[in-house]
Amino acid sequence: MTASFCAPLRLEQISIALAGRELLAVDATISSGEVLTVMGPSGSGKSTLLAYIAGFLDREFTASGGVWLGERDLLSLPAEQRNIGLLFQDPLLFPHLSVGGNLRFGLPRYLKDKRQQVTQALEQVGLAGFESRDPATLSGGQQSRVALMRLLLSKPRAVLLDEPFSKLDTALRQEMRTLVFSQLREAGLPALLVTHDHEDANAAGGPVIELG
């Protein structure tokens with residue numbers, strides 16, 4: 001992925017509450033190629049913050065504050081128009097599609113020569129020749145690589161990471177941290193990582209906000 005140096009992601013005086021009790025308050029700007037880590041225990045509101053930014057916050061929560069991607073007010077847009085990429089604990093690959101089909105699904109419709117894009121993406125993460133494979137035949141690490149490349153091929157303008165390394169074993173976790181953060185920096189994307197793991201925060205190499 002070549003760097004496109006996306007606009008910064010601004011979180012302006014965000015406050016999220018549940019049943020009248022404030023869960024978190026965040027005010028931060030995430031620059032192009034930077035990863036901001038928000039740390040906290042379970043129940044501290046980390047994933048709720050991502051839901052607010054991405055546009056699918058549950059109605060039981062109340063929230064205020066601005067979310068801006070450059071000059072775009074993301075809160076005024078439906079979730080599908082926010083150009084936010086999401087990476088979760090589980091790869092969430094489509095079981096009815098091949099590896100190549102999963103990657104083609106992420107590509108914008110206007111792109112031509114999708115086969116070449118998919119081939120290059122797989123080569124980039126050491127999965128050359130895997131295009132026709134069933135996702136169920138891949139290891140956990142291989143599935144995570146495919147999920148990462150599907151996200152990047154979708155051309156997001158910012159990325160949200162919801163504890164994407166927590167289900168990997170120790171050795172694979174370090175490998176995937178290195179891969180994910182290097183790809184995000186190379187693509188020039190502002191990213192927000194939520195985690196409870198200090199090693200995730202150290203690997204991200206950006207500013208850290210601790211909740212609770």
- prompt: Between Leu74 and Trp68, is any pair of side-chain heavy atoms under 4.5 Å apart?
  reply: no
Nearest atoms (heavy-atom pairs only) where Ala158 meets Leu9: CB-CD2, 4.3 Å
field: From Leu148, Leu192, Leu184, Ile30, residue fulfilling side chain to side chain contact (heavy atoms under 4.5 Å, CB included) relative to Val159
entry: Leu184
- line: With sequence neighbours left out, the residues meeting side chain to side chain contact (heavy atoms under 4.5 Å, CB included) with Ser47 are Asp162
Distance, nearest 0.5 Å, that separates CG of Leu93 from CZ of Phe105: 11.5 Å
- line: Correct closest heavy-atom pair for Gly45 and Leu24 would be O-CD2, 3.0 Å
Under 3.5 Å: donor-acceptor pair, side chain of Asp90, backbone of Leu92: no
Whether Gln143 side chain and Pro135 backbone form a donor-acceptor pair below 3.5 Å: yes
message: If I compare all heavy atoms of Pro156 with all of Cys6, which pair ends up nearest, and what's the gap?
response: O-SG, 4.4 Å
- prompt: Is there a donor-acceptor pair closer than 3.5 Å between any side-chain N or O of Lys46 and the backbone N or O of Pro41?
  reply: yes
query: Of the non-hydrogen atoms in Leu75 and Gly66, which two are nearest, and what is the gap between them?
result: CD1-CA, 4.1 Å
task: Using a strict cut-off of less than 4.0 Å between a Lys/Arg side-chain nitrogen and an Asp/Glu carboxylate oxygen, indicate whether Arg115 and Glu131 qualify as a salt bridge.
output: yes
task: Could you walk me through whether Arg145 and Leu138 pass the side-chain contact (heavy atoms from CB on, under 4.5 Å) test, one step at a time?
output: CA-CA 10 Å; Arg145 288 168 180 248; Leu138 304 185; over 6 Å; no
message: Please determine whether residues Ile209 and Leu161 belong to a single hydrophobic cluster, defined as Ile, Leu, Val, Met, Phe, Trp and Tyr linked transitively by side-chain heavy-atom distances below 4.5 Å.
response: no
query: Does Phe88 belong to the same Ile/Leu/Val/Met/Phe/Trp/Tyr cluster as Leu153, with side-chain heavy atoms less than 4.5 Å apart forming each link?
result: no
Backbone N/O of Ala171 and side chain of Gln174: donor-acceptor pair under 3.5 Å: no
query: Could you walk me through whether Leu193 and Val38 pass the side-chain contact (heavy atoms from CB on, under 4.5 Å) check?
result: CA-CA 6 Å; Leu193 166 72; Val38 173; over 6 Å; no
query: CG of Leu69 to CG of Asp73: how many Å apart, nearest 0.5 Å?
result: 11.0 Å
message: When you compare the side chain of Arg177 with that of Asp200, does any pair of heavy atoms fall below 4.5 Å?
response: yes
field: Gln124 vs Gln183, side-chain hydrogen bond (donor to acceptor under 3.5 Å, both in side chains): CA-CA, chis, key distance, verdict
entry: CA-CA 10 Å; Gln124 198 168 343; Gln183 290 284 334; 3.1 Å; yes
query: Is there side-chain contact between Ser98 and Arg104, with heavy atoms separated by less than 4.5 Å?
result: yes
- request: For Asn102 and Phe94, indicate whether the former's side chain and the latter's backbone hold a donor-acceptor pair under 3.5 Å.
  value: yes
query: Would you call Leu179 and Val125 a side-chain contact if the rule is heavy atoms closer than 4.5 Å?
result: yes
Test item: Asp197 and Ser166 side chains (from C-beta on) under 4.5 Å apart, heavy atoms: no
task: Would you kindly confirm whether Val194 and Val180 end up in one hydrophobic cluster when ILVMFWY residues are joined by side chain heavy atoms under 4.5 Å apart?
output: no
- prompt: What distance separates Met176 CE from Phe165 CZ, expressed to the nearest 0.5 Å?
  reply: 6.5 Å
message: To the nearest 0.5 Å, what is the distance between CG on Leu152 and CG on Leu189?
response: 7.0 Å
- line: The complete set of ring pair (Phe, Tyr, Trp, His ring centres under 6.0 Å) pairs with one or both residues in residues 112-158, sequence neighbours excluded, reads none
- request: Please tell me if the side chains of Met39 and Thr195 come closer than 4.5 Å, counting only heavy atoms from C-beta onward.
  value: yes
statement: For Leu86 and Ala54, the nearest pair of non-hydrogen atoms, with its separation, is CD2-CB, 4.3 Å
message: Let me confirm one number: the OG1-CD distance from Thr137 to Gln142, rounded to the nearest 0.5 Å.
response: 7.5 Å
query: Heavy atoms, side chains only, cut-off 4.5 Å: are Lys167 and Ser144 in contact?
result: no
- prompt: Do other residues, nucleotides or ligands put more than 12 heavy atoms under 6.0 Å from the CD atom of Glu71?
  reply: no
- line: One should read off an interatomic distance between Leu160 CG and Leu36 CG, to the nearest 0.5 angstrom, of 10.5 Å
message: Any heavy-atom pair between the side chains of Val67 and Leu11 that's under 4.5 Å?
response: yes
- prompt: Only one of Arg150, Lys114, Lys155 clears side chain to side chain contact (heavy atoms under 4.5 Å, CB included) with Leu107; which?
  reply: Lys114
message: Let's go through Leu103 and Met149 carefully: what are the C-alpha distance in whole Å and the side-chain angles of both, what is the deciding distance for side-chain contact (heavy atoms from CB on, under 4.5 Å) to 0.1 Å, and is it a yes or a no?
response: CA-CA 7 Å; Leu103 293 182; Met149 296 315 292; 4.0 Å; yes
query: Going only through I, L, V, M, F, W and Y residues with side-chain contacts under 4.5 Å, is there a path from Leu50 to Phe56?
result: yes
message: Under 4.5 Å between side-chain heavy atoms, counting indirect links through other Ile/Leu/Val/Met/Phe/Trp/Tyr residues: same cluster for Phe181 and Val208 or not?
response: no
task: May I have the step-by-step check of side-chain contact (heavy atoms from CB on, under 4.5 Å) for Glu22 and Ile16, ending in yes or no?
output: CA-CA 6 Å; Glu22 186 177 75; Ile16 299 178; over 6 Å; no
task: Decide if atom CD of Glu60 counts as having more than 12 heavy atoms of other residues, nucleotides or ligands within a radius under 6.0 Å.
output: yes
Minimal non-hydrogen separation, Leu172 against Asp169, with atom names: N-OD1, 2.9 Å
